[in-house]
Engineer: 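Structure provided below as structure tokens; questions to follow.
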Amino acid sequence: MHTSTQGANSTNGKHRRSFTVCVEGNIASGKTAFLEYFKKNKNVEIFEEPVKKWRDVHGNNALAMMYEDPTRWALALQTYIQLTMLELHQSETDKPVKLMERSIYSAKYCFVENHFKSGMMPGLEYVVLTEWFNWIIKNNHCNVDLIVYLQAKPETVYQRIRNRNRHEEQNISLDYLKSLHDLHEDWLVKRTKFSLPSKVLVIPADNDLEEMHRIYDKKEKEILCGV
Ligand code: DCP
């Protein structure tokens with residue numbers, strides 16, 4: 001584990017910060033399987049994306065409503081996602097590694113951007129969300145030490161989405177996934193548009209689960225910063 005940070009639960013009573021890793025990638029790129037793989041490590045605490053909350057906002061399935069009518073509901077969903085991701089960033093752990101599914105950054109740089117680019121989100125809503133986002137990252141601790149980018153072809157994730165058959169995701173098109181893929185690439189690989197909050201480790205993620213486990217095994221030290 002790196003030693004440069006102030007650390008959580010150290011003996012002098014000060015909080016030492018855990019090494020924070022966010023796993024990113026397109027829908028169905030294998031983020032859940034990635035988290036599952038590291039669950040067995042006692043030095044790692046997993047923070048899953050709060051999809052459950054998005055499906056039940058005081059009785060409303062905001063995720064399903066967004067897919068049914070994005071122009072009407074994308075702002076409501078993404079405002080709520082921004083809040084729940086902020087809560088995740090601010091959650092602390094005693095463990096040396098905090099492993100998060102996605103981040104407030106991909107919500108903004110990939111999903112909100114995609115809604116706006118595709119004409120589903122009016123300019124005013126985009127600007128309001130952007131101003132909220134800028135204020136949040138300036139004034140709150142949304143620290144990330146490493147992003148692991150699971151880089152999968154849009155065709156691969158399209159097939160996985162078809163196979164897993166989540167009811168909200170029935171109408172996701174290949175074009176939607178291509179557009180999200182390009183935004184992940186712009187942000188994490190080409191680095192043309194948005195700033196990066198941390199280093200990035202790119203892992204090809206088109207392989208089957210067995211091969212992915214072999215890769216995670218090989219890269220474990222790098223991913224967990226030697227823990
Ligand atoms: N989603 C969204 N806006 C965001 C984040 C997610 O609309 N800012 C949607 C996309 C999916 C659902 O939420 O329909 C869950 O998305 P993820 O890609 O984050 O999670 P998966 O479960 O698909 O990931 P994986 O299969 O890689 O484990």
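The first residue in the sequence is number 1, and the count goes up from there. Any value given below was found using the heavy atoms of this structure, including those in side chains, with hydrogens, waters and symmetry copies removed. In listed order, ligands and their atoms are each counted from 1.
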Engineer: For a quick check under 3.5 Å, do Asn165 and Gln170 share a side-chain donor-acceptor pair by atom type?
Structural biologist: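 A donor-acceptor contact under 3.5 Å links the two side chains.
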Engineer: Hydrogens and angles aside, do Glu185 and Tyr149 bring a side-chain donor and acceptor to less than 3.5 Å of each other?
Structural biologist: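 Distance-only check passes for Glu185 and Tyr149.
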Engineer: Do any N/O atoms on Tyr176 end up under 3.5 angstrom from N/O atoms on ligand 1?
Structural biologist: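 No, since none of the N or O atoms of Tyr176 sits under 3.5 Å from an N or O of ligand 1.
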Engineer: Any donor-acceptor pair under 3.5 Å linking the side chain of Asn60 with the backbone of Ala62?
Structural biologist: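 No: the side chain of Asn60 does not pair with the backbone of Ala62.
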Engineer: For atom 10 (C) of ligand 1, grab the closest protein heavy atom and report residue, atom and distance to one decimal in Å.
Structural biologist: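 The closest heavy atom on the protein side is Tyr67 OH, 3.3 Å.
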Engineer: Can you list the atoms of ligand 1 that are under 4.0 Å from a heavy atom of Met66?
Structural biologist: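 Those qualifying, in numeric order: 7 (O).
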Engineer: Using a 4.0 Å heavy-atom cut-off, say whether Thr32 meets ligand 1 through its side chain, its backbone, both or neither.
Structural biologist: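 Both backbone and side chain.
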Engineer: For a quick test of reading the model, state the closest non-hydrogen atom pair linking Gln151 to Asp206 and the distance between them.
Structural biologist: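 It is O-OD2, 4.1 Å.
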Engineer: Out of Arg102, Arg164, Glu169, whose heavy atom is nearest to atom 21 (P) of ligand 1?
Structural biologist: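 The residue whose heavy atom sits nearest atom 21 (P) of ligand 1 is Arg164.
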Engineer: Does a side chain donor of either Lys108 or Thr130 reach within less than 3.5 Å of an acceptor in the other side chain?
Structural biologist: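 Judged by distance alone, the side chains do pair up.
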Engineer: Give a yes/no verdict on whether any heavy atom in Phe34 is under 4.0 Å from an atom of ligand 1.
Structural biologist: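 No heavy atom of Phe34 comes that close to ligand 1.
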Engineer: If you measure every N or O of Ala28 against every N or O of ligand 1, does any of those distances drop under 3.5 Å?
Structural biologist: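 Such a contact does occur with ligand 1.
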Engineer: I'd like to know if Gly25 contacts ligand 1, where contact means a heavy-atom distance under 4.0 Å to any ligand atom.
Structural biologist: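 Checking ligand 1 against Gly25, which is what was asked, there is no heavy-atom contact under 4.0 Å.
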Engineer: Checking contacts here: is it the side chain or the backbone of Leu150 that comes within 4.0 Å of ligand 1, counting heavy atoms only? Could be both or neither.
Structural biologist: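 For Leu150, there is no contact with ligand 1 at all, from either part.
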Engineer: Does a side-chain heavy-atom distance below 4.5 Å link Met212 with Ile203?
Structural biologist: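 Yes; the side chains approach each other to less than 4.5 Å.
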Engineer: Can you confirm if the NZ or CZ of Lys218 lies within 45° of the ring axis of Tyr216 and under 6.0 Å from the centre of its six-membered ring?
Structural biologist: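 So Lys218 doesn't make the cation-pi contact.
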Engineer: Closer than 4.0 Å to some heavy atom of Ala107 - which atoms of ligand 1 meet that?
Structural biologist: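 Answer, ordered by atom number: 8 (N).
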Engineer: Please report which non-hydrogen protein atom sits nearest to atom 20 (O) of ligand 1, along with the residue it belongs to and the distance in Å to one decimal place.
Structural biologist: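 Result: Glu49 OE1, 3.4 Å.
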Engineer: Taking the side chain as every heavy atom from C-beta outward, state whether Ser103 and His89 have any pair of such atoms under 4.5 Å apart.
Structural biologist: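 Heavy-atom side-chain distance check passes, below 4.5 Å.
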Engineer: Do any heavy atoms of Gln78 fall under 4.0 Å from ligand 1?
Structural biologist: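 Right, Gln78 reaches ligand 1.
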Engineer: As an exercise, identify every atom of ligand 1 less than 4.0 angstrom from a heavy atom of Trp54.
Structural biologist: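 With Trp54 as reference, the close atoms of ligand 1 come out as 5 (C), 6 (C), 13 (O).
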Engineer: Could you say whether the N/O atoms of Gly30 and ligand 1 ever approach to under 3.5 Å?
Structural biologist: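 So ligand 1 has an N or O lying under 3.5 Å from an N or O of Gly30.
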Engineer: With a 4.5 Å heavy-atom cut-off, do Tyr37 and Asp217 have their side chains touching?
Structural biologist: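 Yes, their side chains come closer than 4.5 Å.
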Engineer: Nearest non-hydrogen contact with atom 22 (O) of ligand 1 belongs to which option: Arg166, Lys31, Glu101?
Structural biologist: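 Looking at heavy atoms only, the winner is Arg166.
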Engineer: Regarding Lys193 and the six-membered ring of Tyr109, is the cationic atom NZ or CZ under 6.0 Å from the ring centre and inside 45° of its axis?
Structural biologist: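 The answer is no, since Lys193 fails at least one limit relative to Tyr109.
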Engineer: Give me the residue, atom name and distance of the protein heavy atom closest to atom 4 (C) of ligand 1.
Structural biologist: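 For this ligand atom, the closest protein heavy atom is Phe111 CG, 3.3 Å.
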Engineer: Would you please say whether a donor-acceptor pair under 3.5 Å links the side chains of Trp54 and Thr84?
Structural biologist: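 Yes, a side-chain donor-acceptor pair sits under 3.5 Å.
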Engineer: Starting from atom 9 (C) of ligand 1, which protein heavy atom do you reach first, and at what distance in Å?
Structural biologist: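 Going atom by atom, the protein heavy atom closest to atom 9 (C) of ligand 1 ends up being Leu63 CD1, 3.7 Å.
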